[in-house]
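Chain identifiers are assigned alphabetically (A, B, ...) following the order of the sequence lines, protein sequences preceding nucleic acid strands; residue numbering begins at 1 within each chain. Hydrogens, waters and symmetry mates are skipped; everything else that's a heavy atom, side chains included, is used.
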Number of protein chains: 2
Amino acid sequence: MTWGERASKRFDEAGFRTGAARRQVIELLEGEHCALTALEIDRRLPKVGRATVYRTLEQLEELELVHRVDVGGETTAYERNDPTGHHHHMVCLRCGRLVPFSDQALERAIHGVAGRAEFEVTAHDVLLRGVCPRCQEQS
Amino acid sequence: MTWGERASKRFDEAGFRTGAARRQVIELLEGEHCALTALEIDRRLPKVGRATVYRTLEQLEELELVHRVDVGGETTAYERNDPTGHHHHMVCLRCGRLVPFSDQALERAIHGVAGRAEFEVTAHDVLLRGVCPRCQEQS
DNA sequence: GCTCAAAATAAGAACGAGTCTCATTTTCAT
DNA sequence: ATGAAAATGAGACTCGTTCTTATTTTGAGC
């Protein structure tokens, strides 16, 4: 079952009705592999209102079908929750490109810290900032 | 030498002139131990213009006297660069409290990833989200 | 101390991301 | 088919941040 099918099903089960706007947002996310910002989605779906885009993303997040990716001060990005795996991002400071990565040692270290902390840690983010290969060439 | 003195000196060396506004921003940061948001600083210094607050923070960042702390979508916070050390933050999802931590294994893992990446990595952030002890008690 | 060009500043307009409101359209249980 | 409830689009609004511009302050050279 694809992510899109799973998303539709989960919406049904949650008792939501399905409109054209929601379908389009889901289709768009289905086709993307890395994070998309809310405004990017709005721009790519000119027939869908901004409010609807944000509302839909909020619902998708509640249903745990997408999660936010915080990439710096600018705008928030959203990404499909793929059961295949947890990962983090590198962001290019010049062009904004996002590249995913994952690392076992990193995850172990984070779980270690979380275990020793007084906080009840429920989530974590790691962001590497730098310059992507493409932008390095250009300088 | 205090952080404030170091900051003033560094500004001089960089060829900047010293105005009243900048002095006030530096004094305010001097007195704070953890991150302050730009707007918080603006609010606490009503006689200083918004633009000046932001410009000063930008310059402080360039001179490596403060660094940004990204704590979620809202607003960006700034924190004194203490030579004693690099650290990350846990943020409480209920009350917003920030608590610093640092961990050797975590840093090693991050440097490992950065070294293997095609990106030229210049900075990194780690944020643990959860519930602080104080808020855990209240529930 | 003065002087004056350059730097710093204050005030507020402008901008961009995100939220809210509300009138209209669509969905779906009946 | 019908109509109450949900979903939607358009645009007003908010808030953090940036830009513009006219004014004030600084400090190097006298």
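- With B/Thr52 contributing its side chain and B/Val48 its backbone, the two residues share no donor-acceptor pair below 3.5 Å.
- A sub-4.0 Å separation between OP1 or OP2 of D/dT8 and a side-chain N or O of A/Arg22 is present.
- A cation-pi arrangement is absent between B/Arg68 and B/Tyr78 under the rule of less than 6.0 angstrom and at most 45 degrees off the ring axis.
- At the heavy-atom level, B/Ala38 lies under 4.0 Å from the strands shown only through sugar-phosphate atoms.
- With ring centers used as reference points, A/His124 lies under 6.0 Å from A/His86.
- Rounding to whole angstrom units, CZ of residue B/Arg55 and P of C/dA8 are separated by 9 Å.
- Within the structure, a side-chain polar atom (N or O) of A/Thr76 is placed less than 4.0 Å from OP1 or OP2 of C/dG18.
- Heavy atoms from other residues, nucleotides or ligands lying under 6.0 Å from CD of B/Glu118 number 12 at most.
- The residue among B/Tyr54 and A/Gln24 whose nearest nucleotide of DNA chain D is located toward the 5' end is A/Gln24.
- Distance, B/Glu58 CD to C/dA7 P: 16 Å, rounded to whole Å.
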Check: In dot-bracket form, how is DNA chain C paired, counting a Watson-Crick or G-U wobble pair only if both its distances are under 3.5 Å and using | for bases paired to another strand?
Finding: ||||||||||||||||||||||||||||||
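- Within 6.0 Å of CD in A/Glu64 there are 12 or fewer heavy atoms belonging to other residues, nucleotides or ligands.
- Within the 4.5 Å cutoff, the side chain of B/Thr18 has no heavy atoms near those of the B/Phe11 side chain.
- Looking at B/His88 and B/Glu107, their side chains do bring a donor and an acceptor atom within 3.5 Å of each other.
- Distance CD (A/Gln59) to C1' (D/dT8): 11 Å, rounded to an integer number of Å.
- Annotation: proximity of residues 7-20 of chain A to DNA chain C (heavy atom, distance under 4.0 Å) is found for A/Arg17, A/Thr18, numbered in ascending order.
- If you measure from atom CG of A/Leu57 to atom P of D/dT8, you get 12 Å, rounded to the nearest angstrom.
- Nucleotide D/dA7 holds its C1' atom 13 Å from the CD1 atom of A/Ile26, rounded to whole Å.
- Of the possible polar contacts, none joining the B/Arg44 side chain to the B/Leu28 backbone as a donor-acceptor pair under 3.5 Å is found.
- As a whole-Å value, the separation of A/Arg50 CZ from D/dT14 C1' is 13 Å.
- Between the side chains of B/His67 and B/Glu61, not a single donor N or O lies within less than 3.5 Å of an accepting N or O.
- Within the 4.0 Å cut-off from OP1 or OP2 of D/dA7, not a single side-chain nitrogen or oxygen of A/Thr52 is found.
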